[in-house]
S.K.: 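Quick one: the structure is below, and I'll ask about it shortly.
Position 1 is the first residue of the sequence, and the numbers go up from there.
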Amino acid sequence: MIPVGIISNVRVDSDFAIASMVYLLFSICLVFPPTEFHSVGLSIESFFSRWLGDESLHFTKYHVKLTTTRLVIHSLLLPGYYLMSTLFFAATDFTPLPFLMTILPFITASILALYWHSLGSWSAHPLCKILAAHAQHRDWRTVANALATEFRRVDKFVHGRGWGKIVVTDTWVVRCGLYTVSAAYQPDIHLLIESTSEYTEPASQQTIQYVNIKVSSINEACHNFSIRLNSLDFDDLKAKLSAPLLNVRNVVFHQTLSDKFELAFRDEVSQNGVYQNSRMGDECIGCLYAPADIKLSKMCAELSEGDCRNCLCRPMWCLKCLVKWFVNRQEQNRPESWLGGTAPCPTCRSVFCIRDVQMIATPISTE
């Protein structure tokens with residue numbers, strides 16, 4: 001017969017193991033909150049939203065408070081585990097003194113960090129020191145207000161969320177870390193593409209490429225840092241940067257699905273012959289930059305057959321803009337069917353397919 005004490009100890013140990021696993025899972029989700037935690041408000045940003053304020057109104061103060069709050073809350077996770085084990089599972093063999101000696105440095109360091117960062121209305125925070133190095137009379141609030149104004153603009157570049165978020169405004173490149181925020185003034189920096197890494201997404205089995213970029217500043221107050229983003233967002237980042245972006249290692253980027261389709265579309269159109277035009281074409285009304293170099297004419301079948309219709313519009317679009325129009329009117333989850341699809345003419349809405357598209361022969365100038 002098994003003694004009652006042994007059964008009791010086994011039950012306590014089992015409950016303690018389950019509670020430890022739950023606490024560990026909760027801690028991981030608190031430090032690295034998944035999308036589901038954000039959506040239901042189980043994150044530090046949601047818990048302390050009233051104290052943190054509005055990121056769009058006070059970008060610098062928001063992240064100064066957020067990084068400090070994370071440091072304090074995360075340092076309390078280990079003491080919280082100790083309290084849980086001693087208050088609810090007294091039968092476990094914990095020795096308080098060694099454990100306290102282990103966790104006290106974490107608590108002390110977090111309290112000191114909170115006190116030090118908050119000195120002078122947060123002027124001792126590392127982010128505020130970086131901004132102060134770019135301000136007249138070292139008043140970081142002036143630069144912070146300018147940064148917040150740029151962040152409120154709709155044309156900023158933002159990649160990711162939470163810690164690891166990248167923000168690029170007209171004059172600043174900012175990476176929001178877990179406990180720190182790195183910032184660099186665009187006129188003082190250059191960016192270097194270091195490498196790429198690839199991962200396969202389990203759900204779609206598609207390969208995702210990430211680009212690692214090093215940001216270096218000539219200002220000694222700004223430490224060099226690296227940003228990491230999806231290669232599909234690289235063009236948007238490049239469009240927002242005014243600082244030089246170097247690719248001295250000739251890093252190769254994956255083409256987007258739209259880029260691959262454009263090449264295939266152009267190759268198919270090249271087999272349709274050319275349209276002879278007697279006069280110089282106008283600019284494309286889509287991009288207002290490239291010349292209108294395509295003409296839609298029904299060639300896939302007789303005029304009275306099929307769904308396609310003969311388009312009587314004069315050349316008004318370039319091939320690149322027409323491809324974008326064509327792709328946006330296909331089933332996005334079935335790219336293998338795009339080449340065989342149809343779309344309405346952007347101008348007159350006559351239905352056309354890829355066999356109805358012809359490149360325009362450049363007329364010979366008589367001057």
S.K.: Which residues pass the side-chain contact (heavy atoms from CB on, under 4.5 Å) test with His190, sequence neighbours left out?
M.R.: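 With sequence neighbours excluded, His190 shows a side-chain contact (heavy atoms from CB on, under 4.5 Å) to Ser216, Pro244, Leu246, given in chain and number order.
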S.K.: Using only atom types and a distance under 3.5 Å, with no angle test, would you say the side chain of Gln332 pairs donor to acceptor with the backbone of Val327?
M.R.: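 Yes, the answer is positive, given that a donor and an acceptor are paired below the 3.5 Å cut-off.
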S.K.: Relative to the ring of His134, is the ring of Trp172 parallel (under 30°), tilted (30 to 60°) or perpendicular (over 60°)?
M.R.: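 Geometry flag for His134 against Trp172: perpendicular rings.
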S.K.: Is it true that Lys156 and Glu150 have a side-chain N and a carboxylate O under 4.0 angstrom from each other?
M.R.: no
S.K.: Between Ser195 and Asn212, is a side-chain hydrogen bond (donor to acceptor under 3.5 Å, both in side chains) present by the stated rule, with each step listed?
M.R.: CA-CA 5 Å; Ser195 61; Asn212 303 306; 3.0 Å; yes
S.K.: Parallel, tilted or perpendicular, judged at 30° and 60°: which one describes the rings of His159 and Phe157?
M.R.: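 His159 vs Phe157 ring planes: parallel.
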S.K.: Report yes if the side chains of Val174 and Phe151 come closer than 4.5 Å at any heavy-atom pair, otherwise no.
M.R.: no
S.K.: Side chain of Lys298, backbone of Cys308: donor and acceptor closer than 3.5 Å?
M.R.: yes
S.K.: How close do His63 and Cys176 get, counting heavy atoms only, and between which atoms?
M.R.: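 Looks like CE1-SG, 3.4 Å.
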S.K.: Taking all non-hydrogen atoms of both residues into account, name the closest pair between Ala243 and Leu191 and its distance.
M.R.: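 Closest heavy-atom pair between Ala243 and Leu191: CB-CD1, 3.8 Å.
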S.K.: Looking at every heavy atom in both Cys300 and Cys353, which two are closest together, and how far apart are they?
M.R.: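 Looking at all heavy atoms of both residues, the shortest contact is CB-SG, 3.7 Å.
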S.K.: Determine the interplanar angle of the Phe326 and Phe352 rings, folded into 0 to 90°, and report it as parallel if under 30°, tilted if 30 to 60°, perpendicular if over 60°.
M.R.: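 If you compare the ring of Phe326 with that of Phe352, the planes turn out tilted.
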S.K.: Taking all non-hydrogen atoms of both residues, which atom of Asn272 and which atom of Gln358 are closest, and how far apart?
M.R.: O-NE2, 3.2 Å
S.K.: Once rounded to the nearest 0.5 Å, what's the spacing between atom CG of Asn247 and atom CD1 of Ile193?
M.R.: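 Rounded to the nearest 0.5 Å, the CG-CD1 separation comes to 4.0 Å.
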S.K.: Any side-chain donor paired with an acceptor under 3.5 Å for Thr347 and Trp317?
M.R.: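 The answer is yes; a qualifying pair exists.
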S.K.: Of the options Leu147, Ile218, Thr171, which is the one that meets Tyr185 in a side chain to side chain contact (heavy atoms under 4.5 Å, CB included)?
M.R.: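 Answer to the side chain to side chain contact (heavy atoms under 4.5 Å, CB included) test with Tyr185 among Leu147, Ile218, Thr171: Thr171.
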S.K.: Going through the distances and angles, do Asn219 and Ser217 end up as a side-chain hydrogen bond (donor to acceptor under 3.5 Å, both in side chains)?
M.R.: CA-CA 5 Å; Asn219 193 313; Ser217 175; 5.6 Å; no
S.K.: Determine yes or no for a side-chain-to-main-chain donor-acceptor pair under 3.5 angstrom, with Glu262 supplying the side chain and Leu319 the backbone.
M.R.: no
S.K.: For residues Ile189 and Ala184, report the shortest heavy-atom separation together with the two atoms involved.
M.R.: CG2-CB, 3.5 Å
S.K.: Report yes or no: does Glu331 contribute a side-chain atom to a donor-acceptor pair with the main-chain N or O of Trp338 at less than 3.5 Å?
M.R.: no
S.K.: Can you tell me if Arg152 uses its side chain to pair, donor with acceptor, with the backbone of Ser56 under 3.5 Å?
M.R.: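 Answer holds: yes.
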S.K.: Is it the case that the side chain of Lys65 and the backbone of Trp51 share a donor-acceptor pair, with hydrogens and angles ignored and the cut-off at 3.5 Å?
M.R.: yes
S.K.: With a 3.5 Å distance limit and no angle check, can you tell me whether Glu55 reaches the backbone of Gly53 through a side-chain donor-acceptor pair?
M.R.: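 No, because the side chain of Glu55 does not come within donor-acceptor range (under 3.5 Å) of the backbone of Gly53.
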S.K.: Taking atom types as modelled and ignoring hydrogens, do the side chains of Ser20 and Tyr81 form a donor-acceptor contact shorter than 3.5 angstrom?
M.R.: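 Tyr81 and Ser20 do have a side-chain donor-acceptor pair below 3.5 Å.
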S.K.: Donor-acceptor pair, distance only, cut-off 3.5 Å: does the side chain of Lys240 make one with the backbone of Val167?
M.R.: no
S.K.: Quick one: does any side-chain atom of Arg70 pair with a main-chain N or O of Leu178 as donor and acceptor, under 3.5 Å?
M.R.: yes
S.K.: Is there a donor-acceptor pair under 3.5 Å between the side chain of Asp356 and the backbone N or O of Met299?
M.R.: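 Yes, Asp356 side chain to Met299 backbone: donor-acceptor pair under 3.5 Å.
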S.K.: If you take all heavy atoms of Val143 and Leu131, which pair is closest and at what distance?
M.R.: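 Looking at all heavy atoms of both residues, the closest pair is CG2-O, 3.5 Å.
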